[in-house]
Amino acid sequence: MTEKPTTPPAKKEPPRRRAIWRIGRGRSGGSLGLAIFVYWAIQAGRDVLAADGDPNNPMLSKLYPSEGKHGVQRPANAELEESKLWLANTLAQALEHNASLAIDMGGGDRVSEELASESHLADFLKANGVNPTWRDRRTVD
């Protein structure tokens, strides 16, 4: 005779939303690496948006175009104010869709550095229930 368990099975929590923000110098494979993370998340059945804010390399938006389920519009230009507006709209879109977000700000320019330092992105994401993660190659070398 089989005994019934006395405790209910542990309730599996849904995965928390994540935001991965890549900032770097460029020409290091970061955009491709980020695209792979997006692919893995999609394959795992997670809602994720691929946000390509890299003015010099549209790789992420080529793989996940804005017309598709996982892409978002690119910023109109590489100016700091335009990038800030684009980032705010992209974050709002991810929160509205309850999706994780992969942000590629590219490399080789000061816009991504200024945007990172001025946006308080980590605080905003945490306050909205999103775990922030970023990869900044400058801190590894």
Inset, instruction - Please say whether more than 12 non-hydrogen atoms of neighbouring residues, nucleotides or ligands are located less than 6.0 Å from CZ in Phe37. - result: no
Legend entry - Over 12 foreign heavy atoms within 6.0 Å of CD, Gln73: no
Inset, instruction - Determine whether Leu85 and Met105 fall in the same hydrophobic cluster, where Ile, Leu, Val, Met, Phe, Trp and Tyr are linked whenever their side-chain heavy atoms lie under 4.5 Å apart. - result: no
Which heavy atom of [X] sits nearest a heavy atom of [Y], and at what distance?
| X | Y | answer |
| --- | --- | --- |
| Gly71 | Gln93 | O-NE2, 4.4 Å |
| Pro58 | Arg74 | CB-NH1, 3.2 Å |
| Asn128 | Arg17 | O-NH2, 2.7 Å |
| Asn57 | Asp54 | N-OD1, 3.2 Å |
| Ala51 | Val72 | CA-CG2, 3.4 Å |
| Leu101 | Leu91 | CD2-CD2, 3.5 Å |

Pairwise distance [atom1]([X]) to [atom2]([Y]) - rounded to 0.5 angstrom:
| X | Y | atom1 | atom2 | answer |
| --- | --- | --- | --- | --- |
| Lys69 | Asp47 | NZ | CG | 5.5 Å |
| Glu96 | Leu49 | CD | CG | 10.0 Å |
| Asp52 | Ser31 | CG | OG | 6.5 Å |
| Tyr64 | Ile42 | OH | CD1 | 4.5 Å |
| Ile103 | Leu87 | CD1 | CG | 5.5 Å |

Inset, instruction - Begin from the C-alpha positions of Val130 and Leu95 and carry the test side chain to side chain contact (heavy atoms under 4.5 Å, CB included) through to its verdict. - result: CA-CA 9 Å; Val130 180; Leu95 292 174; 3.9 Å; yes
Legend entry - Close side-chain approach of Tyr39 and Leu34, heavy atoms under 4.5 Å: no
